[in-house]
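The structure appears below as structure tokens.
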Number of protein chains: 2
Amino acid sequence: MTTASTGGPRWLTDEEQSVWRAYLHATTLMEDHLDRQLQRDAGMPHIYYGLLVHLSRAPRRRKRMTELAKDAKITRSRLSHAVARLEKNGWVRREDCPSDKRGQNAVLTDEGYAMLARSAPGHVEAVRQAMFARLTPEQVRHLGEIMQVIAAGLQPEDTDADLPWLR
Amino acid sequence: MTTASTGGPRWLTDEEQSVWRAYLHATTLMEDHLDRQLQRDAGMPHIYYGLLVHLSRAPRRRKRMTELAKDAKITRSRLSHAVARLEKNGWVRREDCPSDKRGQNAVLTDEGYAMLARSAPGHVEAVRQAMFARLTPEQVRHLGEIMQVIAAGLQPEDTDADLPWLR
DNA sequence: TGTATCTAGTTCAACTTTCAAGAAAAGGTC
DNA sequence: GACCTTTTCTTGAAAGTTGAACTAGATACA
């Protein structure tokens with residue numbers, strides 16, 4: 001039942017509710033699926049794998065902790081723990097930042113890179129099967145646009161340029 | 001760069017990669033956003049809130065543990081811990097299942113229901129602002145269809161009816 | 001210089017999730 | 001009934017996450 005605007009709380013329409021449920025359902029299953037796949041084939045959860053991917057793309061395969069945390073959308077605290085674990089695995093190592101003595105670079109080791117090279121094909125295949133193999137090209141395009149819009153709305157603005165009180 | 005079919009591992013096209021990144025980005029931000037919103041306004045993470053919602057919709061506001069776990073797409077173990085926590089809050093209580101002495105029902109208490117009634121409007125508003133307020137009606141429809149397809153592909157088939165070796 | 005403030009990263013404790021193991025009841029088969 | 005298997009749910013330990021507190025170094029400014 002769709003509530004007309006009576007002054008009470010605004011609920012979602014039937015369609016919105018159904019879309020929201022589908023969204024939660026699909027995203028939960030996807031995350032579980034990939035976590036399991038990577039835990040099995042690469043010995044780490046999805047987010048840790050993502051950290052290695054980020055590092056592999058960075059110049060000289062290294063990145064400042066804070067920047068990496070920002071890229072991966074996790075807190076610095078969580079990153080500290082994660083890097084500690086990945087270091088224990090030998091896939092990442094920390095190195096002092098030469099220009100800022102507070103800073104640390106997380107560096108993808110050769111072993112880390114090799115692990116990534118080994119597990120990437122399987123992971124990509126899992127992603128393809130779970131998502132792209134099932135959608136039409138149009139749906140893929142739509143999904144991209146929709147996700148861009150949602151992310152933009154939730155993204156904390158990191159540029160102060162357009163904050164009125166700083167104009 | 002899009003790899004042609006050379007026999008090596010099949011990568012994603014540029015567009016697929018970009019859509020995949022957008023998907024990960026948006027879903028991560030959304031989950032964080034809602035977790036924070038509910039932790040702040042209802043004192044529990046999103047998934048726990050979801051459990052209360054499920055119970056509130058169930059007949060007599062109660063449900064067998066296994067069934068609840070299935071609905072919420074979490075393991076029974078996780079549910080056991082979660083219900084223990086919610087029980088401590090006074091929002092849920094366990095009750096023996098009369099027909100099966102192994103069974104337990106999770107029951108939404110009046111306090112739990114009140115808590116839900118109190119926090120639901122804010123949560124719905126958060127969902128609306130994060131998603132539906134930013135999408136066109138067409139995008140909402142597309143998103144629903146896309147999520148249905150993805151969920152269907154990942155959903156473990158619980159009917160054995162069509163397994164070939166049981167035919 | 002001195003001092004106040006900010007930033008980078010870590011650490012701790014509390015909480016949540018996972019995985020493997022286990023207790024208890026139910027269901028099947030002889 | 002006895003026996004074996006399956007289902008239901010819980011438990012405990014290990015792993016991961018969170019948010020607040022903390023250290024050390026950078027930055028700003030008088």
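In the text below, chain A, chain B and the rest are named by the order of the sequence lines, each starting its count at 1. Keep in mind it's a predicted model, so treat the numbers as computed, not measured.
When the P atom of C:dG9 is taken as reference, atom NZ of A:K63 falls 13 Å away, rounded to whole Å. Rounded to an integer number of Å, the gap from CG of A:D96 to P of D:dT23 is 20 Å. When the C1' atom of C:dA14 is taken as reference, atom CD of B:Q39 falls 11 Å away, rounded to whole Å. Between A:D35 atom CG and C:dT16 atom P there is a gap of 19 Å when expressed in whole angstrom units. Taking atom CZ of residue B:R76 and atom P of nucleotide C:dA24, one finds them 17 Å apart after rounding to whole Å. What separates CE of A:M65 from C1' of C:dT10 is a distance of 9 Å, to the nearest Å. As rounded to whole Å, 16 Å separates atom P of C:dT17 from atom NZ of B:K73. Residue A:Q104 contributes atom CD, which lies 14 Å from atom C1' of C:dT7 at whole-angstrom precision.
In terms of position on DNA chain D, the residue among A:S77 and A:R85 whose nearest nucleotide sits closer to the 5' end is A:R85. The residue among A:A82 and A:D100 whose nearest nucleotide of DNA chain D lies closer to the 5′ end is A:A82. When each of A:D32 and A:E67 is assigned the nucleotide of DNA chain C bearing its nearest heavy atom, the one mapping closer to the 5' terminus is A:E67. Position along DNA chain C of the nearest nucleotide to A:S80 versus A:R102 favours A:R102 as the more 5'-ward residue.
Contacts of B:I47 with the nucleic acid, taken as non-hydrogen atoms under 4.0 Å apart, involve only primed sugar atoms and P, OP1 or OP2. The residue B:R40 sits apart from the nucleic acid: no heavy atom pair falls under 4.0 Å.
Side-chain N/O atoms of A:H81 and base N/O atoms of C:dG9 include no donor-acceptor pair closer than 3.5 Å.
Put simply, B:R36 has a side-chain N or O that comes within less than 4.0 Å of OP1 or OP2 on D:dG19. Residue B:R78 places at least one side-chain N or O closer than 4.0 Å to OP1 or OP2 of C:dT18. At D:dT10, one or more side-chain N or O atoms of B:R94 fall inside 4.0 Å of OP1 or OP2 (strictly under the cut-off). A:R64 has a side-chain polar atom (N or O) that falls below the 4.0 Å cut-off from OP1 or OP2 of C:dG9.
Annotation: the span from B:Q148 atom CD to B:Q155 atom CD amounts to 10.5 Å, rounded to 0.5 Å.
Under a 4.0 Å N-O distance rule, the pair B:E87/B:R85 does not qualify as a salt bridge. Residues A:E15 and B:R141 are not paired through a salt bridge, judged by the lack of any N-O separation under 4.0 Å between the basic side chain and the carboxylate.
Counting only heavy atoms from C-beta outward, the side chains of B:D41 and B:H123 never approach each other to under 4.5 Å.
Exactly one of A:K63, A:E95, A:M65 qualifies for a side chain to side chain contact (heavy atoms under 4.5 Å, CB included) with A:Q104. That residue is A:M65.
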